[in-house]
Amino acid sequence: MIALNVLVLALSAVSAIGSELASRAPKRGCGTEISPAQKDAVEADFAARRTALPKKLTAAIVTIPTYYHVVRRGTTLSGGDVPDSQITAQMAALNAAFANTSYTFELVNTTRTTNTNWFQRASLYSDGLSNQNAMKAALRRGDAGTLNLYSVGFTSGSAASNGLLGYATFPSSYEDAPQDDGVVFLYSTVPGGSTASFNLGGTVQHEVGHWAGLYHTFNEGDLQGTCNGSSDEVDDTPAQRSPTSGCPARADTCPSLPGDDPIHNYMDYSTDVCYTNFTPGQVARISAQMGVYRGI
């Protein structure tokens with residue numbers, strides 16, 4: 001009996017250590033969210049408009065002009081002045097992620113703007129929204145088929161306290177708010193950046209996935225904490241109860257349903273080193289979303 005109790009205590013200690021390590025795992029801070037009600041409305045609209053698309057979409061590669069807006073508080077790297085070499089590396093990482101889609105991203109221009117308020121506070125939170133709006137109004141270029149990337153610092157206010165790494169707009173939002181379209185992200189998440197575990201360019205890969213029409217692979221909103229319902233409207237991403245932290249060997253938060261969690265998918269919350277794929281179903285959704293809402 002004593003030996004059994006010792007074994008139970010040892011196993012409990014191992015379990016506690018495992019839980020503690022999991023809680024310490026780096027967490028991706030994505031601010032791209034949509035409520036269940038908004039999602040239902042968007043998906044109904046998408047289904048209605050999708051019927052007008054050609055039955056067979058062209059397999060030709062479409063080049064998306066991309067503007068990279070460096071928003072800085074000074075001319076040092078720590079002040080957000082991302083060098084051209086890291087911008088080139090970020091574009092390469094973005095194109096690598098989308099290599100199995102019909103889209104490639106071409107850097108058209110890089111702008112550099114010194115504005116401490118934008119650098120520190122521009123975000124989608126209430127205490128940063130006015131700065132975000134002013135930043136985008138001044139810098140945004142192009143139309144629905146143009147990608148605008150804004151690198152900022154997220155050093156103050158709600159963005160800092162929430163550990164925000166980035167956020168994006170969905171294609172369905174462009175018609176009502178074209179001036180808001182684009183991706184805002186932490187400058188130090190580019191390849192070679194200083195944000196540990198998130199410095200291989202995965203934040204831009206993830207957020208451009210949203211910009212192209214993808215949801216998170218895990219359940220959100222009213223579905224959070226369950227394995228019910230469709231989390232991302234894509235059939236070939238297994239059910240996932242909650243987002244991944246770090247880069248585990250495997251995870252299965254919905255063991256009663258087929259498939260492990262898609263920990264290597266760009267739309268999970270894994271660390272950058274874990275990211276390797278979009279599924280064929282996600283690729284098909286990207287093409288349809290981009291065709292319906294961006295005309296490309």
Side-chain angles (χ1 to χ4, degrees), residues 30-32 61-99 101 103-124 128 131-155 159 164-171 174 178-195 198-212 266 272 275 290 294 296:
C30 172
T32 308
I61 295 296
V62 177
T63 299
I64 297 176
T66 302
Y67 289 82
Y68 192 117
H69 306 290
V70 176
V71 176
R72 60 195 183 186
R73 64 183 170 193
T75 55
T76 63
L77 181 56
S78 62
D81 197 23
V82 181
D84 289 341
S85 59
Q86 288 187 333
I87 293 172
T88 298
Q90 179 63 79
M91 293 301 299
L94 177 59
N95 279 311
F98 280 76
T101 75
Y103 303 96
T104 186
F105 301 87
E106 181 179 0
L107 183 64
V108 174
N109 190 36
T110 300
T111 68
R112 295 182 184 274
T113 304
T114 303
N115 189 306
T116 300
N117 285 333
W118 296 354
F119 177 81
Q120 293 180 334
R121 290 187 171 274
S123 75
L124 74 172
N131 285 295
Q132 183 225 231
N133 292 344
M135 176 183 73
K136 289 182 174 179
L139 300 179
R140 194 185 183 284
R141 299 291 181 267
D143 56 17
T146 304
L147 174 62
N148 282 259
L149 302 174
Y150 306 85
S151 63
V152 299
F154 295 143
T155 58
L164 187 63
L165 295 185
Y167 61 95
T169 54
F170 291 110
Y174 184 84
Q179 73 285 351
D180 195 37
D181 191 61
V183 169
V184 183
F185 65 99
L186 181 62
Y187 77 95
S188 53
T189 61
V190 298
S194 59
T195 300
F198 301 103
N199 57 357
L200 299 177
T203 295
V204 169
Q205 293 168 330
H206 177 99
E207 299 302 340
V208 174
H210 287 312
W211 183 85
Y266 291 112
D272 283 13
Y275 278 166
M290 296 286 268
R294 298 196 182 280
I296 53 176

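The shortest distance between side-chain heavy atoms of Phe98 and Val208 falls below 4.5 Å. You'll find the side chain of Ile64 reaches within 4.5 Å of the side chain of Met290, heavy atoms only. The closest side-chain heavy-atom distance from Pro191 to Gln86 is not below 4.5 Å. At least one side-chain heavy atom of Leu139 sits under 4.5 Å from a side-chain heavy atom of Val71. Residues Leu94 and Leu147 meet the side-chain proximity criterion, which asks for heavy atoms closer than 4.5 Å. Between Leu107 and Ile87 the shortest side-chain heavy-atom distance falls below 4.5 Å.
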Notebook entry, point to check: Under the side-chain contact (heavy atoms from CB on, under 4.5 Å) criterion, do Thr66 and Met91 qualify, and how do the steps go?
Noted result: CA-CA 9 Å; Thr66 302; Met91 293 301 299; 4.0 Å; yes
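Annotation for Leu77 and Pro83: closest pair CD1-CD, 3.7 Å, computed over non-hydrogen atoms. What you find for Trp118 and Ala138 is that their closest heavy atoms are CH2-CB, 3.7 Å. The shortest heavy-atom contact between Tyr103 and Ile296 is OH-O, 3.0 Å. What you find for Val108 and Pro65 is that their closest heavy atoms are CG2-CB, 3.5 Å. Between Val190 and Tyr68, the shortest heavy-atom contact is CG1-OH, 3.5 Å. What you find for Asp181 and Trp211 is that their closest heavy atoms are OD2-NE1, 3.1 Å.
Checked by atom type, the side-chain pair Asp81/Thr75 shows no donor-acceptor distance below 3.5 Å. With 3.5 Å as the limit, one finds no donor-acceptor pair spanning the side chains of Asn95 and Glu106.
Side-chain atoms of Arg294 come within 3.5 Å of backbone N or O of Ala144 as a donor-acceptor pair. Lys136 places a side-chain N or O within 3.5 Å of a backbone atom of Asp180 that can act as its donor or acceptor partner. Of the possible donor and acceptor atoms, none in the side chain of Arg73 sits under 3.5 Å from a partner among the backbone N and O of Gln120. No donor-acceptor distance shorter than 3.5 angstrom exists from the side chain of Thr63 to the backbone of Ile61, with no hydrogens or angles considered. For the pair Asp272 (side chain) and Gly202 (backbone), a donor-acceptor distance under 3.5 Å is present. In this structure, Arg112 contributes its side chain and Val82 its backbone to a donor-acceptor pair below 3.5 Å. One N or O on the side chain of Gln90 and one on the backbone of Gly201 form a donor-acceptor pair closer than 3.5 Å.
The aromatic rings of Tyr187 and Phe119 are tilted relative to each other, their planes meeting at an angle between 30° and 60°. Using a 30° and 60° split on the angle between ring planes, Tyr275 and His206 fall in the parallel class, below 30°. Taking the six-membered ring for Trp and thresholds of 30 and 60 degrees, Tyr67 and His69 have nearly parallel ring planes, at less than 30 degrees apart.
Atom CG of residue Asn199 and atom OG of residue Ser194 lie 8.0 Å apart, to the nearest 0.5 angstrom. Distance CD/Gln132 to CG/Asn117: 14.5 Å, rounded to 0.5 Å. Atom OG in Ser151 sits 4.5 Å away from atom CZ in Phe185 (nearest 0.5 Å). Between the CG atom in Leu149 and the CZ atom in Phe105 there is a gap of 8.5 Å [rounded to 0.5 Å]. With rounding to the nearest 0.5 angstrom, the NE2 atom of His210 is 5.5 Å from the CZ atom of Phe170.
The only option from Val152, Leu164, Val184 that meets the side chain to side chain contact (heavy atoms under 4.5 Å, CB included) definition with Ser123 turns out to be Leu164.
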